[in-house]
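All figures in this text were calculated on a predicted structure; none of them were measured in a lab.
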Amino acid sequence: MSKRDGVDTVPGGKKRRPIRRPRSAAGPTSRSTAPRFAKPLTPGAVLGWTALSAIVPGAAHLRAGHRRTGLVLISVYAVLLLAALAYGLSVAGDLSNASAFADDGMMLTVVISATVLALAWFALLVTSYVALGPNKLHQQGQMVTGIVVGVLCVAVMSPFALAASSVLTARDALGAIFPTERDPDIPPVAKDPEDPWDGKDRVNFLLIGGDAAGNRTGVRTDSMNVASVDLKTGNTVLFSLPRNLQHVRFPPTSPLHKQFPNGYMAELPNGGLLNEVWQYANDNPQLMGGKNKGPRALMDAIGYTLNLKIDYYMMMNMYGFADLVDAIGGLKIRVEQDVKWGGLYGTAGTIKAGYQKLSGEEALWYGRSRVGSDDFSRMSRQRCVIGAFAQQATPTVILTKFDKIAHAAKRLAQTNIPRDLVQPLVELAVKVKDAKISSLQFVPPDFYSGRPDWVKIRQAARKAISDSTRPARAKTANVTASPSLTAASPTPTRATPTQTPTRNSSQKSGAKSLEELCGL
């Protein structure tokens, strides 16, 4: 073999193909795997990218070079975020869309979803931290970052745990307040989900304030109001009935009609008051055909008095109501004149005239005090307390103080509204909140509770409902019957009304708005 002109030859003169030698691995054109990071990450950088992943899932994976995983995580998160934003905007536009969360099945779904999301975010932070390669840090950096990431995982899971806990609290409260077993005295709920109120135009709720206490036997219903609600508009009329309304009649369908054909005459000569009916029925189950029929007897008596079909009732323990007021942070009320409160003589304090923010105890006594006052003035204050609470218990207040409100509500309410009507009831409450609310109380000088003019009471109730269906300030000369009025009517009483047991210091009469009456 010889070499001529730089070309290797073999014997015979044939050229030999040049031999290509492998390039040195250290040469300038060598190809090697790129480093995972342009610069080694410091403990602070590892923590920063991990924390960013809690807000923008996938950010740490992208930084670590796992582009596919990072893009998938960011895409899924963007879809979930847009869906949540769309739902939030729909709720902001119409609060009734949030009523779906009152459904028992939906509550369980929320709890399960919150649990899954908590675990998912925990796994996300752990995988983000691992992807950043904390094992490349020095020992002290690994310890510090590991501890901080652990704390961060707990912090990220906390909102989901709080959401699940709040929903479980709400579910427990609803279960304690609204019965799952139906009241045998009311018809079953319609099966049509599009019409849960079974074709009604109005629904009438009896709202009762009971003052049962450890030093008293039984329940005295000292505050009785009927809320007649238009299901389409939410326009509501509040009828306030005095506790000392005497000799109320019962419809022919009531078991007490045979016992008191001429009106409720128990405990005469000074008895026969409306606030005794509940306890009388409970004390005489043999007459009512069963135990705990006080609510039914009172609904019958008040419905017959107003010529309305009372659909449901809700009784609030007044002392529990004080807890509820405290739960929302107090009530702002316009006090027309000083009200002494506490005991029989108002020795605990004085609620000064003017715009005041009342605590739960003060709001309770503001509605109950009779010191230097009378039953009818107290009725006016009670309906203002109800109106103020309805106005000030906004969705924001309820959400921010939800646990306190739920626990207080469990202690104060008793109702026959079935559990499966809670969601439609929430939708109706949203309508009522933004609708027109007027009020009519049956007090002197227009109405006397000693010998009531039943015909006049019914005519006034019918007119108030008729007026509530018309635009604001509209005047009407003709009164038509409301769809919810019953056909039955008691025997008219033409006797001249007499003075009631207590005087009326308030001269306001007729159905008026709560804004006008209470300065809300």
Could you tell me whether the side chain of [X] and the main chain of [Y] form a donor-acceptor pair under 3.5 Å?
{"X": "R243", "Y": "N275", "answer": "no"}
{"X": "D230", "Y": "N235", "answer": "no"}
{"X": "K357", "Y": "G330", "answer": "no"}
{"X": "N416", "Y": "Y312", "answer": "no"}
{"X": "T69", "Y": "H66", "answer": "no"}
{"X": "T350", "Y": "V339", "answer": "no"}
{"X": "W49", "Y": "R63", "answer": "no"}
{"X": "Q392", "Y": "L331", "answer": "no"}
{"X": "N204", "Y": "D311", "answer": "no"}
{"X": "Y77", "Y": "I55", "answer": "yes"}

Does the cation-pi check pass for R419 over F178, that is, NZ or CZ under 6.0 Å from the six-membered ring centre and within 45° of its axis? no
Minimum side-chain heavy-atom gap [X]-[Y] below 4.5 Å:
{"X": "L207", "Y": "V226", "value": "no"}
{"X": "V426", "Y": "Q423", "value": "no"}
{"X": "L124", "Y": "S128", "value": "yes"}
{"X": "D104", "Y": "R171", "value": "yes"}
{"X": "F205", "Y": "V203", "value": "yes"}
{"X": "N225", "Y": "L241", "value": "no"}
{"X": "H61", "Y": "L73", "value": "yes"}
{"X": "F442", "Y": "L306", "value": "yes"}

Gap separating the [atom1] atom of [X] from the [atom2] atom of [Y], nearest 0.5 angstrom:
{"X": "S439", "Y": "I437", "atom1": "OG", "atom2": "CD1", "answer": "10.0 Å"}
{"X": "I177", "Y": "T415", "atom1": "CD1", "atom2": "OG1", "answer": "9.0 Å"}
{"X": "S53", "Y": "W121", "atom1": "OG", "atom2": "CH2", "answer": "11.0 Å"}
{"X": "D446", "Y": "I457", "atom1": "CG", "atom2": "CD1", "answer": "11.0 Å"}
{"X": "I310", "Y": "R296", "atom1": "CD1", "atom2": "CZ", "answer": "9.5 Å"}
{"X": "K431", "Y": "T233", "atom1": "NZ", "atom2": "OG1", "answer": "8.0 Å"}

Run the side chain to side chain contact (heavy atoms under 4.5 Å, CB included) test on R202 and S468 for me, step by step, so that the C-alpha distance in whole Å, both residues' side-chain angles and the decisive distance to 0.1 Å come before the verdict. CA-CA 12 Å; R202 305 188 72 85; S468 73; 4.0 Å; yes
Minimum heavy-atom distance between [X] and [Y], given as atom pair plus value:
{"X": "P179", "Y": "I417", "result": "CD-O, 3.2 Å"}
{"X": "H138", "Y": "P43", "result": "NE2-CG, 4.3 Å"}
{"X": "V130", "Y": "P134", "result": "O-CD, 3.6 Å"}
{"X": "M107", "Y": "A170", "result": "CE-CB, 4.2 Å"}
{"X": "L440", "Y": "A460", "result": "CD2-O, 3.8 Å"}
{"X": "T221", "Y": "M224", "result": "O-CE, 3.0 Å"}

Heavy-atom count check: over 12 atoms from other residues, nucleotides or ligands less than 6.0 Å from K404 NZ? no
Can you tell me if CZ on F122 sees more than 12 non-hydrogen neighbours from other groups inside 6.0 Å? no
Set out, in order, the CA-CA distance, both residues' side-chain angles and the distance that settles side-chain hydrogen bond (donor to acceptor under 3.5 Å, both in side chains) for Y366 and Q382, then state yes or no. CA-CA 8 Å; Y366 177 73; Q382 287 173 355; over 6 Å; no
Is there a side chain to side chain contact (heavy atoms under 4.5 Å, CB included) between I351 and L358 once you walk through the steps? CA-CA 8 Å; I351 300 172; L358 306 183; 3.7 Å; yes
Is there a side chain to side chain contact (heavy atoms under 4.5 Å, CB included) between L324 and F389? Walk through the geometry before answering. CA-CA 10 Å; L324 193 60; F389 186 87; 3.5 Å; yes
Run the side-chain hydrogen bond (donor to acceptor under 3.5 Å, both in side chains) test on R470 and S466 for me, step by step, so that the C-alpha distance in whole Å, both residues' side-chain angles and the decisive distance to 0.1 Å come before the verdict. CA-CA 7 Å; R470 289 170 168 76; S466 179; 2.7 Å; yes
Determine, step by step, whether Y313 and L298 satisfy the side chain to side chain contact (heavy atoms under 4.5 Å, CB included) criterion, reporting the C-alpha distance in whole Å, the side-chain angles of both residues, the deciding distance to 0.1 Å, and the verdict. CA-CA 9 Å; Y313 82 91; L298 190 60; over 6 Å; no
Would you be so kind as to tabulate the donor-acceptor pairs closer than 3.5 Å made by side chains of residues 143-169, with sequence neighbours excluded?
{"residue": "T145", "atom": "OG1", "partner": "Y129", "partner atom": "OH", "Å": "2.7"}
{"residue": "T145", "atom": "OG1", "partner": "G141", "partner atom": "O", "Å": "2.7"}
{"residue": "T145", "atom": "OG1", "partner": "Q142", "partner atom": "O", "Å": "3.2"}
{"residue": "S158", "atom": "OG", "partner": "V154", "partner atom": "O", "Å": "2.8"}
{"residue": "S166", "atom": "OG", "partner": "L162", "partner atom": "O", "Å": "3.0"}
{"residue": "T169", "atom": "OG1", "partner": "S165", "partner atom": "O", "Å": "2.9"}

